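Keep in mind that this is a model prediction, so the values were computed, not measured. Worth knowing before you read on, the calculation uses all heavy atoms, side chains too, and leaves out hydrogens, waters and symmetry mates.
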2 protein chains.
Amino acid sequence: MKLPVPGSPVRGSQSGQPIMALFDLLGRSWAMGILWNLNEDALNFRQLQQKCESVSPGVLNTRLKELRQAFLITRSEDGYVLTETGRSLFSLLQPLGKWSLEWAQQFKTDHA
Amino acid sequence: MKLPVPGSPVRGSQSGQPIMALFDLLGRSWAMGILWNLNEDALNFRQLQQKCESVSPGVLNTRLKELRQAFLITRSEDGYVLTETGRSLFSLLQPLGKWSLEWAQQFKTDHA
DNA sequence: TAGCTTTGCTATTAAATTAATAGCAATGAA
DNA sequence: TTCATTGCTATTAATTTAATAGCAAAGCTA
């Protein structure tokens, strides 16, 4: 799967607007989940796979390559870790955690 | 496609953690793009389709249904609009716009 | 040094999602 | 009554994801 690079057309988007490239990258399966799980500490391949509820190794490996090429994660002695860029992105995603809890309430209240 | 509901297992996630349900929902093609484009003003189906660079009507329709069921958008006289919940989510996504511009710089600098 | 374990994957196939395209029914204006 | 617009549905093809098996390399351990 082609890496979505800002400035070039990406999946579904000819414009290459950085935000669309980002949405493409983050929209791929487990991309945000990986960033989420790497936040706390470094994890090796199999640890990460477990944290991500047995994501298939093929998908995990593809996603890891993409996220590395996108400067969001890197490998350290201890395993995969967020880069500084990755951490700065994570800090923007983090509020979604709390938001999702309130959102979850609506499903109970509005019984959709 | 099954709507990811917090509290129930979702695509790739057995846990049903709200954040994982949210990642599933937002990770589907054009989901974030639709929220992004509906921010400014109400758009009808074909306008939205154009804004989303000719996303196919099938995908657009599927996504609109899901986002409606997830309380994020609704239909008004003027077309599709964000709900209050949708706007609160958008406010969290909004910073990604600026972030993505800085991120785009890295691709130039680091020539990846 | 011959096994055994762990790790990081690759390969294969099947299932699910997305994309591309045509076109239709309903509404409204001319 | 015709024509244009709108909001889709239907169909098929292409792409992505999931599920599973298993292998090569590295590091113990006996």
Side-chain angles (χ1 to χ4, degrees), chain A residues 1-5 8-16 20-21 23-35 37-38 41-70 73-81, chain B residues 1-5 8-16 20-21 23-35 37-38 41-70 73-81:
Chain A
M1 201 171 178
K2 198 180 150 203
L3 184 74
V5 172
S8 307
V10 295
R11 181 174 60 151
S13 171
Q14 291 308 304
S15 68
M20 291 302 156
F23 285 165
D24 181 1
L25 181 67
L26 295 183
R28 295 173 184 192
S29 115
W30 278 107
M32 291 189 280
I34 290 169
L35 297 177
N37 284 310
L38 281 183
D41 29 41
L43 296 172
N44 68 28
F45 193 90
R46 297 214 175 192
Q47 289 172 325
L48 189 51
Q49 198 183 0
Q50 277 189 32
K51 272 261 195 181
C52 293
E53 299 178 65
S54 304
V55 55
S56 75
V59 168
L60 180 56
N61 190 40
T62 302
R63 224 59 347 124
L64 288 172
K65 279 182 190 162
E66 290 166 359
L67 294 173
R68 288 171 71 176
Q69 289 186 77
I73 66 176
T74 189
R75 289 185 77 165
S76 72
E77 294 179 346
D78 304 322
Y80 291 98
V81 289
Chain B
M1 201 171 180
K2 196 179 151 203
L3 183 75
V5 171
S8 308
V10 296
R11 183 174 58 151
S13 171
Q14 291 306 306
S15 67
M20 290 302 157
F23 285 165
D24 181 359
L25 181 68
L26 295 182
R28 296 174 184 192
S29 115
W30 279 107
M32 290 189 281
I34 289 170
L35 297 178
N37 284 312
L38 282 183
D41 29 41
L43 296 172
N44 68 30
F45 192 91
R46 296 213 176 194
Q47 290 172 325
L48 190 51
Q49 198 182 0
Q50 277 190 33
K51 272 263 195 179
C52 293
E53 298 176 66
S54 303
V55 54
S56 75
V59 168
L60 180 55
N61 190 39
T62 302
R63 224 56 350 120
L64 288 173
K65 280 182 192 164
E66 290 166 359
L67 295 173
R68 288 170 71 178
Q69 290 185 76
I73 66 175
T74 189
R75 290 184 77 166
S76 73
E77 293 179 350
D78 304 323
Y80 291 98
V81 289

Handout entry: Nucleic acid footprint by protein, nucleotides 4-14 of chain D - heavy-atom cut-off 4.0 Å, B for base, S for sugar-phosphate alone
Key = --BBBB-----

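Side chains of A:Trp30 and A:Glu53 form a contact here, defined as non-hydrogen atoms less than 4.5 Å apart. Within the 4.5 Å cutoff, no side-chain heavy atoms of B:Leu67 are placed close to those of B:Leu38. Contact check for B:Tyr80 versus B:Arg68: side-chain heavy atoms found under the 4.5 Å cut-off.
Legend: residues meeting side chain to side chain contact (heavy atoms under 4.5 Å, CB included) with A:Arg28, ordered by chain and number and at least two apart, are A:Met1, A:Pro4, A:Arg11, A:Asp24, A:Arg63, A:Glu66. Not counting sequence neighbours, A:Gln50 has no partner by the side chain to side chain contact (heavy atoms under 4.5 Å, CB included) test. Not counting sequence neighbours, the partners of A:Asp78 by the side chain to side chain contact (heavy atoms under 4.5 Å, CB included) test are A:Ala42, A:Ser76.
Distance B:Leu60 CG to C:dT21 C1': 15 Å, rounded to the nearest Å. At whole-Å resolution of the value, CG in A:Leu43 and P in C:dT6 are 18 Å apart. Whole-Å rounding puts the B:Glu53 CD to C:dA19 C1' distance at 14 Å.
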What N/O pairs connect the protein and nucleotides 13-18 of chain C at under 3.5 Å? Give each pair on its own line.
from: C:dT18; atom 1: OP1; to: B:Ser29; atom 2: N; distance (Å): 3.1
from: C:dT18; atom 1: OP2; to: B:Arg63; atom 2: NH1; distance (Å): 3.3
from: C:dT18; atom 1: OP2; to: B:Arg63; atom 2: NH2; distance (Å): 3.0

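Among B:Leu48, B:Ile34, B:Asn61, B:Leu60, the one residue that satisfies the side chain to side chain contact (heavy atoms under 4.5 Å, CB included) test with B:Val55 is B:Leu60.
Once rounded to the nearest 0.5 Å, the distance linking NZ of B:Lys65 with CG of B:Leu3 reads 12.0 Å.
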